[in-house]
Amino acid sequence: MCGIVGYIGPKQAQDFLLEGLATLEYRGYDSTGMVVIGEQGPRLVRSVGRVESVKRDLEGDPLVGSYGIGHTRWATHGAPLERNAHPHPDTNREFFVVHNGIIENYQVIKADLQKNGVQFISDTDTEVIPHLIAAEYRRLGNVTEAFLSAVQQLHGAFSIVMVSTFAPDTLFAARLSSPLVIGIGDGESFIASDPTPIMEHTKKVIFLNDFEAAVITPSEHVIINLKDSSTIERLPQVLDYDPDVAVLGDYPHFMLKEIEEAPQTVRSALLGRLRTEQNLVKLGGLDLVEEQLRYIDRIVIVSCGTSYYASMVGEYLIEEIAGIPVEVQLASEFKYRNEPLSRSTAIIAVSQSGETADTIAALNKVAGYGVLRLGVVNAVGSTIARMTDAGVYCHAGAEQSVASTKAFVAQVSVLALIALNLAKNASPLYEELIKELDNLPAKIEKILAQKQEIEALAKKYAHHRDFLFIGRRYLYPVALEGALKLKELSYIHAEGYAGGEMKHGPLAMIDENFPTLALALDGELFEKTISNIQEIKARGGPVLAICNTTEQLEGIADDVLVIPRTIEQLQPILAAIPLQLFSYYAAIELGRNVDRPRNLAKSVTVE
Ligand code: M6R
């Protein structure tokens with residue numbers, strides 16, 4: 001989703017802005033823009049499309065100046081057009097603003113400004129901000145006061161960075177529910193919507209919290225409470241972060257790279273936590289709340305998209321292994337439900353990015369309830385990681401492709417560890433799970449070695465308009481995830497169903513043009529899944545089955561893919577891999593933009 005960068009210091013601002021925006025590209029965007037203020041005044045460039053094309057346009061005619069801001073926009077209000085791209089200036093081009101998020105009361109502010117003769121050029125909510133700041137500047141005569149006063153009038157969820165011709169060598173920033181981090185260099189300062197672009201330059205950072213603003217110069221960082229305009233003392237923290245992980249290397253796409261990282265992803269998630277020899281799971285991140293966890297009698301997991309499907313696997317795992325009732329809720333729905341929550345309930349937020357606005361909103365909703373808030377997060381230092389009482393990091397490393405793959409594998413691994421940790425050895429499955437978790441990386445490697453076979457299957461099925469995924473029990477969330485992967489990457493209409501639900505409606509869709517991918521792995525419900533496949537075949541539907549031996553599906557499925565056996569509770573981790581590869585190759589076959597599917601963003605920072 002939208003990305004923000006800003007620089008102030010002795011160097012040419014353009015270099016960091018271009019490099020930082022390129023680093024944020026993975027978040028997904030449709031237009032790019034920058035403004036740099038130099039001795040000749042401000043120069044604004046905006047364009048629909050990639051950072052690379054802006055970079056090319058500036059070759060031979062660079063932006064000159066030592067402070068500036070840049071933005072990648074993912075359209076919310078107004079189509080991806082140059083006039084809607086950020087930064088947005090006021091009428092006199094004295095104030096320039098980049099903005100992530102949504103200004104909910106922009107129409108009221110716009111109407112007021114229009115009454116006073118302000119002409120609007122864009123269709124965005126953002127454009128009200130520079131005009132409002134300019135109006136406040138005329139009233140107050142001070143840039144900092146004008147900025148604070150304008151921001152205090154805005155409602156919504158946003159982060160904003162501003163530069164002004166009236167305040168040389170200063171960046172102004174404000175945050176309400178959308179991340180911003182200040183990087184403190186040697187005589188230079190950076191700002192960005194996530195730490196990635198900054199890490200190459202400095203690891204010393206200050207995160208802004210909600211309702212905070214900052215006035216930033218090369219050597220000073222004043223944090224201001226937006227509620228009462230008081231100054232806040234905050235020492236910088238040093239981030240332990242390795243930006244090199246996100247390098248494509250010899251891979252054609254980040255998605256393939258990230259799928260192939262799955263064995264290492266599982267190893268990293270288990271490292272130091274799964275103590276096979278001692279038959280023990282140790283989660284340092286939960287130590288602090290160990291006592292509170294003893295009294296938890298209900299867990300609500302909140303998440304979105306792929307993280308939601310991983311959470312569903314977590315629900316089955318925690319209930320079966322630890323015997324605690326769990327409910328998984330879409331974060332976007334949870335926020336607006338009026339359900340009673342007792343203090344013995346724990347909320348777990350599961351998120352790869354740790355910046356998903358819906359998940360943050362769900363956590364914010366329960367902030368005053370006295371419930372324990374835990375995080376299963378991949379991005380170190382992200383908003384969710386910081387706002388939860390305790391948590392377990394996924395340690396999957398940076399995930400760049402918009403389609404989440406290795407994060408799913410890591411999330412399920414971590415949720416299995418949490419289930420074991422909560423079970424405290426009381427489950428009959430305890431020992432077997434611990435041993436089998438350890439065996440997973442080698443089994444995933446075997447599946448990855450089948451990638452040509454999966455590619456051939458994807459090519460065969462990619463030209464269908466519709467697709468169904470079915471699975472039962474632990475494989476039901478995987479069917480949902482398989483369908484999500486296929487639709488987001490290939491744009492094929494795909495649905496995931498619990499096998500047992502077929503006869504309650506979806507069977508009506510089945511004909512010879514509507515194939516089904518059936519997850520038919522060994523387990524308690526294997527025979528029932530076979531019956532579901534038979535019902536589909538009886539209606540002429542082609543079936544591709546993922547199974548543990550060919551014989552079981554002979555004469556039943558049209559195509560089979562055999563993957564290694566594991567215990568049912570861990571099948572989601574293995575079964576997810578061929579589905580990810582299947583979607584990847586289907587997307588390639590159809591000529592899609594694999595790492596950046598249309599209309600989507602990596603980090604969904606608006607509600
Ligand atoms: O960063 P999060 O895990 O909170 O993101 C949640 C979803 O936006 C994300 O999983 C999305 O569904 C992916 N594009 C799926 O591949």
Side-chain angles (χ1 to χ4, degrees), residues 1-2 24 26-29 74 177-179 193-194 196 253-256 258-259 262 265 301-314 328-335 347-363 375-385 387-388 391-394 396-412 414-415 469 477-478 480-491 494 496 576-577 579-584 586-587 592-607:
M1 214 148 250
C2 306
L24 290 175
Y26 75 94
R27 294 164 69 108
Y29 68 106
W74 185 83
S177 270
S178 190
S193 46
D194 85 45
T196 335
H253 301 101
F254 276 109
M255 182 175 177
L256 185 60
E258 287 158 8
I259 297 172
T265 301
I301 311 185
V302 289
S303 42
C304 309
T306 292
S307 297
Y308 176 74
Y309 299 134
S311 305
M312 283 176 71
V313 180
V328 181
Q329 294 196 33
L330 288 167
S332 53
E333 285 297 312
F334 175 79
K335 188 187 166 192
I347 308 288
I348 306 183
V350 177
S351 173
Q352 186 287 126
S353 61
E355 302 295 355
T356 301
D358 288 321
T359 314
I360 293 173
L363 283 172
V376 171
V377 172
N378 189 37
V380 177
S382 57
T383 304
I384 296 177
M387 72 193 287
T388 39
V392 186
Y393 275 121
C394 292
E399 194 181 60
Q400 296 270 313
S401 175
V402 165
S404 194
T405 54
K406 63 175 177 172
F408 177 87
V409 166
Q411 288 165 341
V412 175
V414 166
L415 287 162
F469 288 75
V478 185
L480 296 173
E481 168 60 5
L484 173 64
K485 269 311 71 97
L486 190 64
K487 56 190 147 196
E488 72 178 323
L489 285 157
S490 67
Y491 321 148
I577 309 291
L579 301 200
Q580 294 168 355
L581 286 167
F582 184 80
S583 297
Y584 171 78
R592 308 295 191 224
N593 186 342
V594 177
D595 280 337
R596 300 203 182 92
R598 69 182 180 199
N599 305 339
L600 297 180
K602 179 65 182 161
S603 191
V604 186
T605 48
V606 290
E607 266 193 65

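Since the model is a prediction, treat every value here as computed from it, not as a measurement. Indexing begins at 1, ligand by ligand and atom by atom, following the structure's order.
- The K485 neighbourhood of ligand 1 comprises atoms 15 (C), 16 (O), with distances under 4.0 Å to a heavy atom of that residue.
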Assess the residue pair S351 and T359 against the criterion (side-chain hydrogen bond (donor to acceptor under 3.5 Å, both in side chains)); give the C-alpha distance rounded to whole Å, side-chain angles, the decisive distance to 0.1 Å, and a yes or no. CA-CA 8 Å; S351 173; T359 314; 5.2 Å; no
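- Under a 4.0 Å criterion applied to the non-hydrogen atoms of Q352, ligand 1 contributes the atoms 1 (O), 2 (P), 3 (O), 4 (O).
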Given T306 and E481, is the side-chain hydrogen bond (donor to acceptor under 3.5 Å, both in side chains) satisfied, shown in steps? CA-CA 6 Å; T306 292; E481 168 60 5; 3.0 Å; yes
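- Residue, atom and distance of the protein heavy atom nearest to atom 15 (C) of ligand 1 are T306 OG1, 3.0 Å.
- In plain terms, the two heavy atoms of A403 and K485 that are nearest each other are CB-CE, 3.9 Å.
- For atom 8 (O) of ligand 1, the nearest non-hydrogen atom of the protein is V604 CG2, 3.8 Å.
- Of the protein's non-hydrogen atoms, S353 OG, 2.6 Å is the one closest to atom 1 (O) of ligand 1.
- Between T359 and ligand 1, a contact under 3.5 Å exists for no N or O pair.
- Looking at N378, T356, V350, it is T356 that brings a heavy atom closest to atom 2 (P) of ligand 1.
- Nearest heavy atom pair, residue Q411 against residue C394, reads CG-SG, 3.9 Å.
- The S307 neighbourhood of ligand 1 comprises atoms 2 (P), 3 (O), 10 (O), with distances under 4.0 Å to a heavy atom of that residue.
- Each of the atoms 16 (O) of ligand 1 lies under 4.0 Å from some heavy atom of A403.
- Scanning both residues, T356 and S353, for their nearest heavy atoms gives OG1-OG, 3.3 Å.
- For V402, the heavy-atom gap to ligand 1 drops under 4.0 angstrom.
- Atom SG of C304 sits about 10.5 Å away from atom OH of Y309, to the nearest 0.5 Å.
- Heavy-atom minimum distance, N378 versus A396: OD1-N, 2.9 Å.
- Atoms NE2 and CD1, from H253 and I259 in turn, are 11.0 Å apart once rounded to the nearest 0.5 Å.
- Residues E399 and S404 come closest through the heavy atom pair OE1-OG, 3.0 Å.
- Polar contact with ligand 1: absent for Q411 (N/O pair, distance under 3.5 Å).
- Looking at ligand 1, you won't find any N or O of K602 less than 3.5 Å from one of its N or O atoms.
- Among protein heavy atoms, atom 16 (O) of ligand 1 sits closest to E488 OE2, 2.4 Å.
- For the pair E355 and ligand 1, no heavy-atom separation below 4.0 Å is found.
- Counting protein heavy atoms only, atom 7 (C) of ligand 1 is closest to C304 O, 3.7 Å.
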Step by step, work out the side-chain hydrogen bond (donor to acceptor under 3.5 Å, both in side chains) result for E355 and S382. CA-CA 6 Å; E355 302 295 355; S382 57; 4.8 Å; no
